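These numbers were taken from a predicted model, which means no experiment stands behind them. One-based numbering, in listed order, for ligands and for the atoms of each.
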Amino acid sequence: MIKQAIIPLAGLGTRLLPLTSVFAKELLPINGKPGIEYILEECIDAGITEIIFIISKKKQMIKNYFYNDNFYKKIIKKKKDPRIIKEYNKIIKYKKMIKFVYQNNPRGTGDAVLKTKKYIKDKFFLMLLPDDLIINKNCSKSLVNIHNHYKTSVMASMNVNKKTVSRWGIYKLGKKVDKKNYFIEDVIEKPSIKKAPSNKAVIGRYILPKSIFSKLDKQKSGKGGEIHITDAIQSLIKNNYKFIAHNFSGKYLDCGSMNGYIKSSLEISKK
Ligand code: G1P
């Protein structure tokens, strides 16, 4: 059973400047609701009971969002507005499930994952990258189901335009598992078009094994001087760990870029 999820939230969000110069991108509203709440809903609906947020001092505002009880209590006492009461109850529910750990130097997703090492209890856990919003179908739930069936690690995947491979983790397709799932033979972080083994990208939903921590302990920095989760996954694959790429059926929205962020509100408002 996958019960714990981790969410790296210490990134600077430079692709969303100027919106992110004083504001955490994960709290920016998408159709009237902070992006992070969509991610939390996905987790909870997928059966997750504990969520670890990796934040930084600069992103303390994310913790404040869930710890603003006195403010809510005062307002509710005065106004008794059912909408506010409902919102506050939702925030209390989330707060009870979230643990905060800190990554004060944004040294990459791999480094963020390493910060959660002592909190992970089971053999596998879920990771969600909050820039990647997937709507219409719960992608985490699909990964959990695949994991329960095959007992392996799983990552979300989609085909991307060949010209954009250097934006993603790209993998080489291995043996077919079933219609929507394939084993991964190799995975490379942000390869050049020349070095890319395919146009199949990893999207920000992963079921990772606890053994990833022993790789991350030794992981050297890679592309752009960052410690990448992709490099640690590649090391595990080379040690015969099985990773399945799942071609998810939901719609992908890239909320980490300005264009994608604007589009995501439009898409969600159509639902
Ligand atoms: C991260 C991962 C990359 C993956 C991408 C999906 O990149 O490192 O492998 O393809 O998320 O969005 P980032 O968006 O942090 O540059």
Handout entry: Flag for Y88-D81: side-chain donor and acceptor within less than 3.5 Å
Key = no
**OP:** Return yes or no for this condition: an N or O of G204 is under 3.5 Å from an N or O of ligand 1.
**Re:** no
- [ ] Kindly confirm or rule out an N or O of W168 lying under 3.5 angstrom from an N or O of ligand 1.
- [x] no
Within 4.0 Å of some non-hydrogen atom of T230, the atoms of ligand 1 are 9 (O)
Checklist entry - Can a donor-acceptor pair be found between the side chains of E26 and Y38 at a distance below 3.5 Å? => result no
So the atoms of ligand 1 within less than 4.0 Å of a heavy atom of V202 turn out to be 4 (C), 5 (C), 6 (C), 10 (O)
*Measure the distances from the heavy atoms of D131 to every atom of ligand 1 and state whether one is below 4.0 angstrom.*
no
Within 45° cone and under 6.0 Å: K63 NZ/CZ vs F100 ring: yes
Among non-hydrogen protein atoms, atom 2 (C) of ligand 1 lies closest to E189 OE2, 3.7 Å
Nearest heavy atom to atom 15 (O) of ligand 1, choosing from R15, K190, M158, belongs to K190
**Prompt:** Once the angle between the rings of F125 and F213 is folded into 0 to 90°, is it parallel (under 30°), tilted (30 to 60°) or perpendicular (over 60°)?
**Reply:** parallel
Discussion item. For the residue pair E37 / Y65, report whether a side-chain donor-acceptor contact shorter than 3.5 Å exists.
Written reply: yes
Judged by heavy atoms only, the candidate from D254, L129, T109 nearest atom 1 (C) of ligand 1 is L129
For G169, the ligand 1 atoms with a heavy-atom partner under 4.0 Å come out as 3 (C), 4 (C), 9 (O), 10 (O)
Only one of K141, K137, R205 passes salt bridge (Lys or Arg N to Asp or Glu O under 4.0 Å) with E42, and that residue is R205
Near D132 (heavy-atom distance under 4.0 Å), the atoms of ligand 1 are 6 (C), 12 (O)
(message) Heavy-atom count check: over 12 atoms from other residues, nucleotides or ligands less than 6.0 Å from Y241 OH?
(response) no
**Exam field: side chain T20 to backbone F23, donor-acceptor pair closer than 3.5 Å** = no
- Message: Polar contacts were defined as any N/O atom of the residue lying under 3.5 Å from an N/O atom of the ligand; does this apply to I203 and ligand 1?
- Response: no
For R167, the atoms of ligand 1 under 4.0 Å from one of its heavy atoms are 12 (O), 13 (P), 14 (O), 16 (O)
